[in-house]
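See structure below.
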There are 2 protein chains.
Amino acid sequence: MFLELDMAGDKPIYVQLKEQVIEGIARGSLRPGDDLPSVRALAADIGINLHTVNKVYQQLRQEGYIQIHRSRGVMIHPDGFIKADKTYRTNLKATLRPLIAEAIVRDLSAEEFTRLSQEVYEQILTKEGGENE
Amino acid sequence: MFLELDMAGDKPIYVQLKEQVIEGIARGSLRPGDDLPSVRALAADIGINLHTVNKVYQQLRQEGYIQIHRSRGVMIHPDGFIKADKTYRTNLKATLRPLIAEAIVRDLSAEEFTRLSQEVYEQILTKEGGENE
DNA sequence: TTGTCTGTTATATTAGTAGTATAACAGACA
DNA sequence: TGTCTGTTATACTACTAATATAACAGACAA
């Protein structure tokens, strides 16, 4: 797999792992129906505990990204993903709010903010690496 | 003051407090040179501990939003704020990356994402309340 | 000079989360 | 019967959020 975890940084590794699976789906590297490693295999592969992987899988399942079958293992959800609805948009705006408040104070216009967002869209879809903090 | 803290939610109250000060500056409710309450006064006002307020003030000072004088108290930084530089933009893009990855999976186009961002800009600048999660 | 305001520092405690370590349970299936 | 799967339970360490007291030190007005 294509995983790169920063064990030192302050972002929890289960969050990093979850985000990388979602970005893998966004990029198209992981496609509906694709198998994911078992909790034990992935944990051993990246050198972390089984429970940390399990926590990620449980959250991804709850949010509709993957399917888990008792003894057949884990796969990317074969029926596609939950579309952006009202609740999602409301939550996204709430998440963006403090980011944009800071942008305003730093004199970053809405147009510049949009340009940065476009760049991130392209970075993800064209498989560019993004410099992490 | 205009503070509304959610003690139950999972967002730490020191983060909420910090974000609300920054949004206050973004809105123009707090302007360069304005006094802020003392750590003890603000803590007593909203019913939290002195150290929680102090932590917020220290972080706001470190990031250039406020000035702290030993026994004269706290004020919004009178000389304006640090403009968006290369480092800030890089960090902002890193922060946006997982949000946008999820947006892509949920079939939210870059144009729609931009539209939501514009709405948040306007919400903040026109002093609308934003529904919190 | 004394009192009272300011931020600052030091300790200690409680509660919750992140991550690890073992172990065992239960379904599928070759 | 093994051996793979996810699942559950328990316990431990380390760290963070938040609180509670207490004391220190600078500024400044009465």
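Proteins get letters first, then strands, A, B, ... in listed order; numbering begins at 1 in each.
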- Message: Within a 6.0 Å radius of atom NZ on A:K86, are there more than 12 heavy atoms belonging to other residues, nucleotides or ligands?
- Response: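 At most 12 heavy atoms, drawn from other residues, nucleotides or ligands, come within 6.0 Å of this atom.
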By nearest atom, which of the nucleotides [options] is closest to the [X] side chain?
X     : options               : result
B:N49 : D:dG6, D:dT19, D:dA18 : D:dT19
B:V39 : D:dT5, D:dG6, C:dT8   : C:dT8
B:S38 : C:dG7, D:dA18, D:dG6  : C:dG7
A:S71 : C:dT9, D:dT19, C:dG27 : C:dG27
B:T52 : C:dT8, D:dT19, D:dA17 : D:dT19
B:L50 : C:dT9, D:dT5, C:dG7   : C:dT9
B:P12 : C:dT9, D:dT7, D:dA18  : D:dA18

- Item | Presence of salt bridge, B:R27 and B:E23, under 4.0 angstrom | yes
- Query: Does B:E119 come within less than 4.0 Å of A:R89, counting only side-chain N to carboxylate O?
  - Reply: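 Answer for the salt bridge query: no.
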[X] [atom1] to [N] [atom2], straight-line distance once rounded to whole Å:
X     : N     : atom1 : atom2 : answer
B:H51 : C:dG7 : NE2   : P     : 12 Å
A:R72 : D:dT7 : CZ    : P     : 13 Å
B:I66 : C:dT6 : CD1   : P     : 15 Å
A:N54 : D:dT8 : CG    : P     : 8 Å
A:M75 : D:dT5 : CE    : P     : 14 Å

- Query: How is A:Q67 classified with respect to the nucleic acid when contacts are heavy atoms under 4.0 Å: base, sugar-phosphate, or nothing?
  - Reply: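 Here A:Q67 touches no strand at all.
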- State whether A:Q58 places a side-chain N or O below 4.0 Å from either non-bridging phosphate oxygen (OP1 or OP2) of D:dT7. yes
- Flag, side chain of B:R106 to backbone of A:I82, donor-acceptor distance under 3.5 Å: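 A pair under 3.5 Å: yes.
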- Note on the structure: Taking a pair to mean Watson-Crick or G-U wobble geometry with both distances below 3.5 Å, C:dA30 pairs with D:dT1
